[in-house]
Amino acid sequence: MARKFKSLETQLIHAGEPEPRIEGAVSMPIFQSATFEYFGESPYDDLRYIRLNNTPNHKALHQKLAALEKGEEALVTASGMAAISTTFFTVLSSGDHLLAQKGLYGGTHDFISKDFSSFGLSFDFIDGDDPDSWKEKLRPNTRAVYVESLTNPLLEVADLKAVVEFARENDLLSLIDNTFTSPVNFRPLEWGFDLSLHSATKYLNGHSDIVAGAVIGRASQIEKIRHRLNHLGGSLDPHACFLLHRGIKTLALRVRYQNESALKIAQFLDNHPAVDKVHYPGLPTHPHHQRACEFFEGCGGMVSFEVKGGLEAAQRFIEQTTLAIVAPSLGGVETLVTRPVTTTHSGLSLPERQQLGITDNLIRISVGIEATQDLIEDFDQALSVTS
Ligand code: PLP
């Protein structure tokens with residue numbers, strides 16, 4: 001019987017590890033074998049084959065992730081978008097309607113707004129802040145509601161409790177992208193969400209060296225998603241499984257440090273004369289600070305801010321930073337900075353960006369695990385050239 005572990009730190013290290021250890025190996029070996037000897041497995045989904053997501057590397061990760069977020073089961077996928085698209089294609093069928101929070105990650109927003117119609121799916125965006133307005137968007141064919149735990153890049157926190165209640169009252173599945181918070185700061189299933197999704201590329205792996213995704217939830221739901229994933233083919237390669245498995249073990253250490261460092265950086269920026277506005281839910285001035293305190297154990301490592309002086313000033317800041325690397329993506333050990341207008345949200349039109357409040361002078365920081373003071377000094381010198 002699989003051992004159970006009480007605290008998250010212990011689960012990160014021990015949950016899902018093979019028992020007994022394979023040849024005594026302390027670290028999970030890589031099973032780089034496309035196929036495995038047949039011992040009469042049935043049905044098809046149980047044949048052991050990498051695409052069917054059931055090699056020892058997949059199984060160990062599934063158990064670890066399920067334990068971390070207290071789900072019955074989990075599934076890893078080839079990318080965060082594979083987790084998101086496969087989940088949509090499982091819980092929605094042609095003719096169905098989705099309610100999705102506005103201000104989602106650009107790739108998800110694009111997938112819903114540009115690709116859904118060619119599969120006979122429809123959608124409406126809802127304001128995560130205004131539960132009273134959701135009912136009027138509901139249709140007889142609405143099947144699910146989709147939100148993010150923290151939105152990108154403005155770090156907004158929807159009324160997550162209301163999302164779960166609304167879904168229950170209206171017989172919808174509640175889905176949440178938990179990438180930005182990670183299981184260290186938020187465990188959606190404990191709050192009643194049906195499915196928690198991740199771009200494991202980010203905090204779960206934490207080292208900016210793979211793309212991966214994950215879905216966690218009830219066994220019956222995960223089984224359906226796994227079946228669909230097996231057909232769509234978005235399985236994670238065993239070597240990437242190994243890297244994710246290794247990265248995940250330090251998740252709590254990394255994320256707790258990033259929580260603290262990001263808060264100090266947000267406070268520094270908030271007091272800086274060259275900065276117009278800081279978006280970080282750990283600041284008491286953030287409109288969703290109370291919600292963040294209620295739901296989250298930490299506000300995470302993402303901070304965004306608007307520099308005074310418009311686009312040119314933002315560009316000068318970006319060019320002047322020496323420690324932070326100018327790159328999209330997030331959640332790794334190295335600090336990254338980006339202008340969402342040119343990267344994550346470049347697929348949106350100007351009116352769409354304006355409606356979401358994503359300005360030309362907005363800069364997003366993914367705080368890594370460098371010394372906080374070194375980062376603050378680097379940002380300070382970069383800000384000195386913006387005006
Ligand atoms: N969800 C969020 C919140 C993201 O930020 C991203 C990527 O940046 C994704 C999903 C997609 O993940 P991936 O790039 O692993 O496919």
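Whatever order the structure lists them in is the order used to number ligands and atoms, beginning at 1. Being a predicted model, the structure only gives us computed values, none of them experimental.
- Judged by distance alone, the side chain of Thr142 and the main-chain N or O of Leu138 form no donor-acceptor pair under 3.5 Å.
- Neither the backbone nor the side chain of Ser329 comes within 4.0 Å of ligand 1, counting heavy atoms alone.
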Apply side-chain contact (heavy atoms from CB on, under 4.5 Å) to residues Met302 and Leu155 and explain how you reach the verdict.
CA-CA 8 Å; Met302 301 302 296; Leu155 290 318; 3.7 Å; yes

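- Nearest to atom 16 (O) of ligand 1 among the protein's heavy atoms is Met81 N, 2.8 Å.
- Selection from Ser199, Gly106, Ala82 by nearest heavy atom to atom 12 (O) of ligand 1 gives Ser199.
- Between the side chain of Glu41 and the main chain of Arg48, no donor-acceptor pair closer than 3.5 Å is present.
- Note that the CD1 atom of Ile126 and the CD atom of Glu136 stand 11.0 Å from one another [nearest 0.5 Å].
- No heavy atom of His198 sits closer than 4.0 Å to any atom of ligand 1.
- Short contacts between ligand 1 and Phe180, defined as distances under 4.0 Å to a heavy atom of the residue, involve ligand atoms 3 (C), 5 (O).
- Between the side chain of His207 and the main chain of Asp209, no donor-acceptor pair closer than 3.5 Å is present.
- In the candidate list Glu148, Met302, Lys202, Lys202 is nearest to atom 7 (C) of ligand 1, counting heavy atoms.
- Remark: ligand 1 atoms within the under-4.0 Å shell around heavy atoms of Asp177 are 1 (N), 2 (C), 3 (C), 10 (C).
- Only the side chain of Ile84 comes within 4.0 Å of ligand 1, judged by heavy-atom distances.
- Ligand 1 has no N or O atom lying under 3.5 Å from any N or O atom of Thr108, backbone or side chain.
- A side-chain N or O of Thr338 and one of Thr343 form a donor-acceptor pair less than 3.5 Å apart.
- No side-chain donor-acceptor contact under 3.5 Å links Thr77 to the backbone of Gly234.
- The Ser79 neighbourhood of ligand 1 comprises atoms 15 (O), 16 (O), with distances under 4.0 Å to a heavy atom of that residue.
- Distance alone, capped at 3.5 Å, is enough to place a donor-acceptor pair between the Gln381 side chain and the Asp378 backbone.
- Per-residue contacts place Ala212 under 4.0 angstrom from the following atoms of ligand 1 (heavy atoms of the residue considered): 15 (O).
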Does the salt bridge (Lys or Arg N to Asp or Glu O under 4.0 Å) test come out yes or no for Arg218 and Glu73, once each step is laid out?
CA-CA 6 Å; Arg218 279 192 302 282; Glu73 275 191 23; over 6 Å; no

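- The distance criterion of under 3.5 Å between nitrogen or oxygen atoms is met by Thr201 with respect to ligand 1.
- Protein heavy atom at the shortest distance from atom 5 (O) of ligand 1 is Tyr105 CD1, 3.6 Å.
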